[in-house]
Amino acid sequence: MPFIAATSKIDLPFKIEQQEAKKRALEMFSANFPEANRLIFAFDNTEIKYRNISKPLAYYSTPNTFEERNNEYINSTLEYSVQAIEDCVVKAGIEKDTITDIIFVSTTGLATPSMDALIINKLRLNPHINRTPIFGLGCGGGVSGMAKANMTAKANPDAIVLLVAVELCSLTLIRSDYSKSNFIGSSLFSDGIAACIVKGDNHYNNTGVNYVASSSKLYYDSLEVMGWEFQNTGFKVLFSKDIPTFINEHIKEDIDQFLAQHQLKLSDIKNFVFHPGGKKVLDAYADALGVEGDFMKKTREVMHDYGNMSSATVLYVLEKFMREGFEDGYGLMLSMGPGFSSEMVLLKCG
(Lines give C-alpha, C1' and ligand atoms only; values in the text may rest on other atoms or scores of the structure.)
Protein backbone atom coordinates (compact mmCIF):
# COMPACT_ATOMS: atom_id res chain seq x y z
CA MET A 1 0.00 0.00 0.00
CA PRO A 2 1.08 3.65 -0.35
CA PHE A 3 2.90 5.32 2.52
CA ILE A 4 3.45 8.82 3.90
CA ALA A 5 7.09 9.67 3.20
CA ALA A 6 7.33 13.16 4.71
CA THR A 7 5.38 16.07 6.16
CA SER A 8 6.16 19.73 6.77
CA LYS A 9 4.42 22.75 8.25
CA ILE A 10 4.92 26.49 8.50
CA ASP A 11 5.25 28.51 11.69
CA LEU A 12 4.23 31.94 10.49
CA PRO A 13 6.28 35.01 11.46
CA PHE A 14 3.32 36.93 12.91
CA LYS A 15 2.20 34.31 15.43
CA ILE A 16 0.41 36.00 18.33
CA GLU A 17 -0.87 35.10 21.78
CA GLN A 18 -4.58 34.45 22.15
CA GLN A 19 -4.86 37.29 24.66
CA GLU A 20 -3.61 39.74 22.02
CA ALA A 21 -6.27 38.50 19.61
CA LYS A 22 -8.88 38.83 22.35
CA LYS A 23 -7.96 42.44 23.04
CA ARG A 24 -8.01 43.36 19.34
CA ALA A 25 -11.35 41.61 18.73
CA LEU A 26 -12.98 43.50 21.60
CA GLU A 27 -11.73 46.78 20.15
CA MET A 28 -13.07 45.90 16.70
CA PHE A 29 -16.48 44.52 17.71
CA SER A 30 -17.61 46.28 20.89
CA ALA A 31 -18.93 49.48 19.29
CA ASN A 32 -21.25 47.69 16.84
CA PHE A 33 -21.83 44.32 18.46
CA PRO A 34 -23.47 44.74 21.89
CA GLU A 35 -22.91 41.08 22.78
CA ALA A 36 -19.13 41.38 22.45
CA ASN A 37 -18.53 42.08 26.13
CA ARG A 38 -20.74 39.16 27.14
CA LEU A 39 -19.18 36.71 24.66
CA ILE A 40 -15.54 37.76 25.01
CA PHE A 41 -15.04 34.87 27.46
CA ALA A 42 -15.10 32.59 24.39
CA PHE A 43 -11.45 33.51 23.78
CA ASP A 44 -10.54 32.14 27.20
CA ASN A 45 -12.50 28.90 26.82
CA THR A 46 -10.85 27.69 23.60
CA GLU A 47 -7.69 26.18 25.17
CA ILE A 48 -5.82 28.09 22.45
CA LYS A 49 -2.74 29.98 23.61
CA TYR A 50 -1.19 31.04 20.29
CA ARG A 51 -2.61 31.88 16.87
CA ASN A 52 -0.74 31.31 13.62
CA ILE A 53 -1.51 34.33 11.39
CA SER A 54 -0.06 35.45 8.08
CA LYS A 55 -0.12 39.24 8.57
CA PRO A 56 0.79 41.62 11.41
CA LEU A 57 -2.08 42.03 13.87
CA ALA A 58 -2.54 45.68 12.89
CA TYR A 59 -3.45 44.59 9.35
CA TYR A 60 -6.80 43.20 10.51
CA SER A 61 -7.93 46.55 11.90
CA THR A 62 -7.17 48.38 8.67
CA PRO A 63 -10.02 48.87 6.17
CA ASN A 64 -9.62 46.62 3.15
CA THR A 65 -11.68 45.09 0.36
CA PHE A 66 -12.36 41.49 -0.56
CA GLU A 67 -10.18 42.01 -3.64
CA GLU A 68 -7.27 43.20 -1.52
CA ARG A 69 -7.61 40.33 0.95
CA ASN A 70 -7.85 37.77 -1.83
CA ASN A 71 -4.73 39.17 -3.49
CA GLU A 72 -2.96 38.79 -0.14
CA TYR A 73 -4.23 35.21 -0.03
CA ILE A 74 -2.70 34.43 -3.43
CA ASN A 75 0.65 36.05 -2.65
CA SER A 76 1.00 34.55 0.83
CA THR A 77 -0.23 31.12 -0.26
CA LEU A 78 2.40 30.96 -3.00
CA GLU A 79 5.21 32.18 -0.75
CA TYR A 80 4.54 29.81 2.14
CA SER A 81 3.51 26.84 0.00
CA VAL A 82 6.89 26.98 -1.73
CA GLN A 83 8.64 27.02 1.67
CA ALA A 84 6.64 24.04 2.94
CA ILE A 85 7.15 22.05 -0.27
CA GLU A 86 10.89 22.67 -0.39
CA ASP A 87 11.21 21.46 3.21
CA CYS A 88 9.04 18.41 2.52
CA VAL A 89 11.03 17.47 -0.60
CA VAL A 90 14.25 17.50 1.43
CA LYS A 91 12.69 15.38 4.18
CA ALA A 92 11.39 12.87 1.63
CA GLY A 93 14.80 12.60 -0.02
CA ILE A 94 13.47 13.20 -3.50
CA GLU A 95 14.14 15.55 -6.41
CA LYS A 96 11.28 17.95 -7.02
CA ASP A 97 11.05 17.02 -10.70
CA THR A 98 10.14 13.43 -9.73
CA ILE A 99 6.80 14.53 -8.25
CA THR A 100 4.09 12.98 -10.42
CA ASP A 101 0.93 14.49 -8.89
CA ILE A 102 -0.06 17.56 -6.91
CA ILE A 103 -3.23 17.89 -4.85
CA PHE A 104 -3.92 21.39 -3.56
CA VAL A 105 -6.56 21.89 -0.84
CA SER A 106 -7.95 25.23 0.32
CA THR A 107 -11.26 26.92 1.11
CA THR A 108 -10.17 30.41 2.16
CA GLY A 109 -9.28 32.11 -1.12
CA LEU A 110 -9.84 32.06 -4.86
CA ALA A 111 -7.38 31.77 -7.75
CA THR A 112 -7.67 30.95 -11.45
CA PRO A 113 -5.27 29.68 -12.68
CA SER A 114 -5.50 27.59 -9.53
CA MET A 115 -2.79 27.78 -6.88
CA ASP A 116 -1.25 24.47 -7.94
CA ALA A 117 -0.48 26.04 -11.33
CA LEU A 118 1.23 28.98 -9.64
CA ILE A 119 3.23 26.57 -7.46
CA ILE A 120 4.31 24.44 -10.45
CA ASN A 121 5.42 27.57 -12.29
CA LYS A 122 7.29 29.03 -9.31
CA LEU A 123 9.09 25.80 -8.38
CA ARG A 124 9.56 24.65 -11.97
CA LEU A 125 8.03 21.29 -11.20
CA ASN A 126 7.50 18.79 -14.00
CA PRO A 127 5.13 20.55 -16.44
CA HIS A 128 3.33 17.22 -17.04
CA ILE A 129 2.44 16.79 -13.37
CA ASN A 130 -1.15 15.68 -12.71
CA ARG A 131 -3.08 18.48 -11.02
CA THR A 132 -6.03 18.30 -8.62
CA PRO A 133 -7.11 21.57 -6.99
CA ILE A 134 -9.80 21.05 -4.35
CA PHE A 135 -12.04 23.81 -2.98
CA GLY A 136 -14.94 23.76 -0.54
CA LEU A 137 -14.14 20.95 1.92
CA GLY A 138 -13.25 23.31 4.76
CA CYS A 139 -11.96 21.60 7.88
CA GLY A 140 -12.50 18.20 6.24
CA GLY A 141 -10.06 18.96 3.43
CA GLY A 142 -6.86 17.79 5.10
CA VAL A 143 -8.04 14.21 5.65
CA SER A 144 -9.91 14.11 2.34
CA GLY A 145 -6.78 15.35 0.57
CA MET A 146 -4.70 12.67 2.30
CA ALA A 147 -7.19 10.02 1.15
CA LYS A 148 -7.04 11.27 -2.43
CA ALA A 149 -3.22 11.43 -2.37
CA ASN A 150 -3.06 7.81 -1.26
CA MET A 151 -5.68 6.63 -3.72
CA THR A 152 -3.63 8.28 -6.48
CA ALA A 153 -0.51 6.46 -5.28
CA LYS A 154 -2.46 3.21 -5.00
CA ALA A 155 -3.52 3.52 -8.64
CA ASN A 156 0.08 4.18 -9.73
CA PRO A 157 2.75 2.39 -7.64
CA ASP A 158 5.41 4.66 -9.18
CA ALA A 159 3.63 7.82 -8.04
CA ILE A 160 5.15 10.51 -5.85
CA VAL A 161 2.20 12.63 -4.75
CA LEU A 162 2.50 16.10 -3.26
CA LEU A 163 -0.38 17.17 -1.02
CA VAL A 164 -0.54 20.84 -0.05
CA ALA A 165 -3.16 22.34 2.27
CA VAL A 166 -3.32 26.10 2.79
CA GLU A 167 -5.91 27.95 4.85
CA LEU A 168 -5.47 31.65 5.52
CA CYS A 169 -8.58 31.98 7.63
CA SER A 170 -7.53 35.35 9.06
CA LEU A 171 -7.79 36.90 5.60
CA THR A 172 -11.48 36.00 5.39
CA LEU A 173 -12.31 38.21 8.40
CA ILE A 174 -14.95 40.76 7.35
CA ARG A 175 -14.54 43.79 9.58
CA SER A 176 -18.12 44.95 8.93
CA ASP A 177 -19.68 41.60 9.86
CA TYR A 178 -20.89 41.99 13.43
CA SER A 179 -22.55 38.59 13.65
CA LYS A 180 -22.09 36.10 16.46
CA SER A 181 -20.56 33.57 14.03
CA ASN A 182 -17.90 36.06 12.92
CA PHE A 183 -17.12 37.00 16.52
CA ILE A 184 -16.79 33.39 17.67
CA GLY A 185 -14.81 32.58 14.52
CA SER A 186 -12.35 35.30 15.44
CA SER A 187 -11.65 33.41 18.68
CA LEU A 188 -10.74 30.16 16.92
CA PHE A 189 -9.45 30.40 13.38
CA SER A 190 -5.84 30.82 12.31
CA ASP A 191 -3.64 30.36 9.25
CA GLY A 192 -1.82 27.16 8.33
CA ILE A 193 0.29 25.78 5.49
CA ALA A 194 1.27 22.11 5.33
CA ALA A 195 2.79 19.80 2.72
CA CYS A 196 3.02 16.00 2.57
CA ILE A 197 4.69 13.54 0.21
CA VAL A 198 2.94 10.21 -0.39
CA LYS A 199 4.69 7.47 -2.37
CA GLY A 200 3.45 4.36 -4.13
CA ASP A 201 4.50 0.74 -3.58
CA ASN A 202 7.45 0.83 -5.96
CA HIS A 203 9.34 3.21 -3.66
CA TYR A 204 11.35 2.26 -0.58
CA ASN A 205 9.27 2.76 2.55
CA ASN A 206 11.51 4.42 5.14
CA THR A 207 8.77 5.63 7.51
CA GLY A 208 6.47 2.65 8.02
CA VAL A 209 3.41 4.95 7.96
CA ASN A 210 1.17 3.04 5.56
CA TYR A 211 -2.21 3.89 4.11
CA VAL A 212 -4.88 1.22 4.62
CA ALA A 213 -8.25 2.72 3.68
CA SER A 214 -10.43 5.82 3.76
CA SER A 215 -14.05 6.77 4.34
CA SER A 216 -16.14 9.81 3.50
CA LYS A 217 -19.65 10.50 4.71
CA LEU A 218 -22.11 13.29 3.99
CA TYR A 219 -24.92 13.72 6.51
CA TYR A 220 -28.24 14.47 4.83
CA ASP A 221 -30.07 17.69 5.64
CA SER A 222 -27.18 19.32 7.49
CA LEU A 223 -26.01 21.84 4.91
CA GLU A 224 -26.47 24.78 7.27
CA VAL A 225 -24.14 23.48 9.98
CA MET A 226 -20.92 24.90 8.54
CA GLY A 227 -19.79 26.84 5.48
CA TRP A 228 -19.44 30.19 3.75
CA GLU A 229 -22.03 32.69 2.60
CA PHE A 230 -20.45 34.51 -0.34
CA GLN A 231 -21.10 38.25 -0.15
CA ASN A 232 -19.80 41.37 -1.87
CA THR A 233 -17.56 41.92 1.15
CA GLY A 234 -16.10 38.39 1.06
CA PHE A 235 -16.51 35.01 2.76
CA LYS A 236 -19.01 35.27 5.63
CA VAL A 237 -18.45 32.40 8.08
CA LEU A 238 -21.39 30.19 9.00
CA PHE A 239 -21.24 27.53 11.66
CA SER A 240 -23.66 26.08 14.14
CA LYS A 241 -23.57 25.23 17.82
CA ASP A 242 -24.91 21.81 16.74
CA ILE A 243 -21.46 20.49 15.70
CA PRO A 244 -20.71 18.82 19.07
CA THR A 245 -24.23 17.33 18.98
CA PHE A 246 -23.53 15.82 15.56
CA ILE A 247 -20.34 14.29 16.87
CA ASN A 248 -22.05 12.80 19.91
CA GLU A 249 -24.86 11.36 17.80
CA HIS A 250 -22.89 9.96 14.88
CA ILE A 251 -19.13 9.66 15.16
CA LYS A 252 -18.82 6.54 17.35
CA GLU A 253 -21.09 4.51 15.08
CA ASP A 254 -19.37 5.85 11.95
CA ILE A 255 -15.91 4.94 13.25
CA ASP A 256 -17.06 1.51 14.39
CA GLN A 257 -18.59 0.75 10.99
CA PHE A 258 -15.47 1.93 9.13
CA LEU A 259 -13.12 -0.10 11.31
CA ALA A 260 -15.35 -3.19 11.15
CA GLN A 261 -14.88 -3.24 7.38
CA HIS A 262 -11.22 -3.97 8.12
CA GLN A 263 -11.81 -6.41 11.00
CA LEU A 264 -10.79 -3.79 13.55
CA LYS A 265 -12.26 -2.19 16.66
CA LEU A 266 -11.72 1.22 18.23
CA SER A 267 -9.44 -0.44 20.80
CA ASP A 268 -7.06 -1.32 17.93
CA ILE A 269 -6.38 2.36 17.24
CA LYS A 270 -3.20 3.53 18.96
CA ASN A 271 -2.70 6.89 17.21
CA PHE A 272 -5.54 9.42 16.97
CA VAL A 273 -4.70 12.04 14.33
CA PHE A 274 -7.79 14.22 14.78
CA HIS A 275 -8.61 17.69 13.54
CA PRO A 276 -9.14 19.98 16.55
CA GLY A 277 -12.21 22.01 15.66
CA GLY A 278 -12.19 23.62 19.09
CA LYS A 279 -12.42 22.68 22.77
CA LYS A 280 -16.11 21.75 22.54
CA VAL A 281 -15.45 19.56 19.51
CA LEU A 282 -12.57 17.74 21.23
CA ASP A 283 -14.65 17.29 24.37
CA ALA A 284 -17.41 15.82 22.20
CA TYR A 285 -14.95 13.32 20.67
CA ALA A 286 -13.75 12.35 24.13
CA ASP A 287 -17.31 11.86 25.41
CA ALA A 288 -18.49 9.97 22.32
CA LEU A 289 -15.53 7.62 22.01
CA GLY A 290 -14.78 6.94 25.66
CA VAL A 291 -11.12 6.10 25.03
CA GLU A 292 -9.05 5.97 28.22
CA GLY A 293 -6.23 8.46 28.77
CA ASP A 294 -5.44 11.64 26.86
CA PHE A 295 -5.71 9.98 23.45
CA MET A 296 -5.89 13.35 21.69
CA LYS A 297 -2.82 14.82 23.41
CA LYS A 298 -1.03 15.78 20.18
CA THR A 299 -4.23 17.18 18.70
CA ARG A 300 -4.77 19.37 21.78
CA GLU A 301 -1.16 20.55 21.69
CA VAL A 302 -1.47 21.63 18.06
CA MET A 303 -4.69 23.52 18.81
CA HIS A 304 -3.00 25.11 21.85
CA ASP A 305 0.02 26.24 19.80
CA TYR A 306 -1.66 27.28 16.52
CA GLY A 307 -5.46 27.56 16.75
CA ASN A 308 -7.91 26.07 14.26
CA MET A 309 -6.27 26.28 10.81
CA SER A 310 -9.14 24.53 9.03
CA SER A 311 -7.96 21.79 6.63
CA ALA A 312 -4.26 22.29 7.39
CA THR A 313 -4.64 21.61 11.12
CA VAL A 314 -4.87 17.84 10.94
CA LEU A 315 -1.71 17.81 8.81
CA TYR A 316 0.07 19.76 11.57
CA VAL A 317 -1.06 17.00 13.93
CA LEU A 318 0.23 14.40 11.46
CA GLU A 319 3.55 16.25 11.22
CA LYS A 320 3.81 16.15 15.01
CA PHE A 321 3.26 12.38 14.96
CA MET A 322 5.82 11.94 12.16
CA ARG A 323 8.37 14.01 14.10
CA GLU A 324 7.76 12.64 17.61
CA GLY A 325 6.84 9.09 16.64
CA PHE A 326 3.81 6.86 16.27
CA GLU A 327 2.96 4.03 18.60
CA ASP A 328 3.18 0.75 16.68
CA GLY A 329 -0.25 -0.24 15.45
CA TYR A 330 -3.07 1.49 13.67
CA GLY A 331 -3.71 5.21 13.33
CA LEU A 332 -6.93 7.02 12.52
CA MET A 333 -7.07 10.42 10.85
CA LEU A 334 -10.42 12.19 11.30
CA SER A 335 -11.91 15.54 10.48
CA MET A 336 -15.37 16.99 9.93
CA GLY A 337 -16.33 19.74 7.54
CA PRO A 338 -19.06 21.51 5.59
CA GLY A 339 -21.79 19.38 4.21
CA PHE A 340 -21.97 18.42 7.15
CA SER A 341 -19.44 15.66 6.54
CA SER A 342 -16.81 13.41 8.07
CA GLU A 343 -13.53 12.21 6.53
CA MET A 344 -11.41 9.33 7.81
CA VAL A 345 -8.12 7.69 6.83
CA LEU A 346 -6.88 4.46 8.40
CA LEU A 347 -3.10 4.10 8.77
CA LYS A 348 -0.85 1.21 9.81
CA CYS A 349 2.19 2.48 11.68
CA GLY A 350 5.43 0.68 12.47
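The figures that follow rest on heavy atoms only: side chains count, while hydrogens, waters and symmetry mates do not. For reference, positions follow the sequence shown, starting with 1.
Considering only heavy atoms from C-beta on, Tyr330 stays 4.5 Å or farther from Leu259 through its side chain. With contacts defined as side-chain heavy-atom distances shorter than 4.5 Å, the pair Ile85/Leu123 qualifies. No side-chain heavy atom of Val273 sits less than 4.5 Å from a side-chain heavy atom of Leu334. With a 4.5 Å cut-off on side-chain heavy atoms, Leu315 and Met146 count as touching. The side-chain heavy atoms of Ile53 and Tyr60, taken from C-beta on, include a pair separated by under 4.5 Å. Within the 4.5 Å cutoff, the side chain of Leu171 has heavy atoms near those of the Ser54 side chain. Within the 4.5 Å cutoff, side-chain heavy atoms of Ile197 are placed close to those of Ile160. Residues Met309 and Asn52 have side chains in contact (heavy-atom distance under 4.5 Å, counting atoms from C-beta outward).
Note that CG of Asn206 is 13.0 Å distant from NZ of Lys91, once rounded to the nearest 0.5 Å. The distance from the CD1 atom of Ile10 to the OH atom of Tyr80 is 8.5 Å, given to the nearest 0.5 Å. To the nearest 0.5 Å, atoms CD1 (Ile251) and CZ (Phe274) are separated by 7.0 Å. Rounding to the nearest 0.5 Å gives a distance of 10.0 Å between OG1 of Thr245 and NZ of Lys280. Of the inter-residue distances, the one linking Leu162 atom CG with Thr132 atom OG1 reads 11.0 Å to the nearest 0.5 angstrom. Within the model, atoms CZ of Phe321 and SG of Cys349 stand 8.5 Å from one another, a figure rounded to the nearest 0.5 Å.
By the criterion of side-chain heavy atoms lying less than 4.5 angstrom apart, applied directly or through intervening Ile, Leu, Val, Met, Phe, Trp or Tyr residues, Val345 is grouped together with Val291 in one hydrophobic cluster. Hydrophobic clustering (ILVMFWY, side-chain heavy atoms < 4.5 Å, transitive): Tyr50 and Leu173 are in distinct clusters.
Here the shortest heavy-atom pairing between Phe135 and Thr107 reads CE1-CA, 3.7 Å. Across every non-hydrogen atom of Val143 and Ser335, the tightest pair is CG2-OG, 3.2 Å.
Ion pair Arg24/Glu27 flagged as a salt bridge, since at least one NZ, NE, NH1 or NH2 atom sits closer than 4.0 Å to an Asp/Glu carboxylate oxygen. Note on Asp256 versus Lys265: no salt bridge recorded, every NZ/NE/NH1/NH2 to OD/OE distance being 4.0 Å or above. Under the 4.0 Å criterion applied to side-chain N and carboxylate O atoms, Asp11 and Lys9 are assigned as salt-bridge partners.
Between Ser144 and Lys148, the side chains place a donor N or O and an acceptor N or O closer than 3.5 Å (distance only, hydrogens not considered). Side-chain contact check for Gln18 and Glu20: no donor-acceptor pair (N or O, by modelled atom type) lies under 3.5 Å. There is a side-chain donor-acceptor pair under 3.5 Å between Arg131 and Ser114. No hydrogens or angles considered: a donor-acceptor pair under 3.5 Å links the side chains of Glu167 and Ser311. Judged by distance alone, the side chains of Gln257 and Glu253 do bring a donor and an acceptor atom under 3.5 Å apart. Side-chain contact check for Asn202 and Asp158: at least one donor-acceptor pair (N or O, by modelled atom type) lies under 3.5 Å. Counted by atom type alone, Asp44 and Gln19 present one or more donor-acceptor pairs between their side chains at under 3.5 Å.
Residues Tyr59 and Phe14 keep their aromatic ring centres 6.0 Å or farther apart. Phe3 has its ring centre no less than 6.0 Å from the ring centre of Tyr211. Centroid-to-centroid, the aromatic rings of Phe340 and Phe246 come within less than 6.0 Å.
Seen from the ring of Tyr306, Lys15 counts as a face-on cation partner, given the 6.0 Å and 45° thresholds.
Pairs passing the salt bridge (charged side-chain N to carboxylate O under 4.0 Å, His left out) check and including a residue from residues 300-313, sequence neighbours excluded, read Glu47-Arg300, Asp283-Arg300, Asp294-Arg300, Lys297-Glu301, Glu301-Lys320.
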I would like to know whether Tyr285 and Phe295 meet ring pair (Phe, Tyr, Trp, His ring centres under 6.0 Å); could you show each step before the answer?
CA-CA 10 Å; Tyr285 283 136; Phe295 67 103; 8.4 Å; no

Can you check salt bridge (charged side-chain N to carboxylate O under 4.0 Å, His left out) on Asp254 and Lys217, steps first, answer last?
CA-CA 9 Å; Asp254 293 341; Lys217 181 175 182 179; 3.0 Å; yes

Between Asp287 and Asn248, does a side-chain hydrogen bond (donor to acceptor under 3.5 Å, both in side chains) hold up when you go through it step by step?
CA-CA 7 Å; Asp287 292 342; Asn248 275 305; 5.3 Å; no

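Here the rule is side chain to side chain contact (heavy atoms under 4.5 Å, CB included) with Val281, and of Ile243, Asn308, Leu188 only Ile243 fits it. Remark: of the listed residues Ser310, Ser170, Ser76, Ser170 is the sole one forming a side-chain hydrogen bond (donor to acceptor under 3.5 Å, both in side chains) with Asp191.
The aromatic rings of Tyr219 and His250 sit tilted, their planes meeting at an angle between 30° and 60°.
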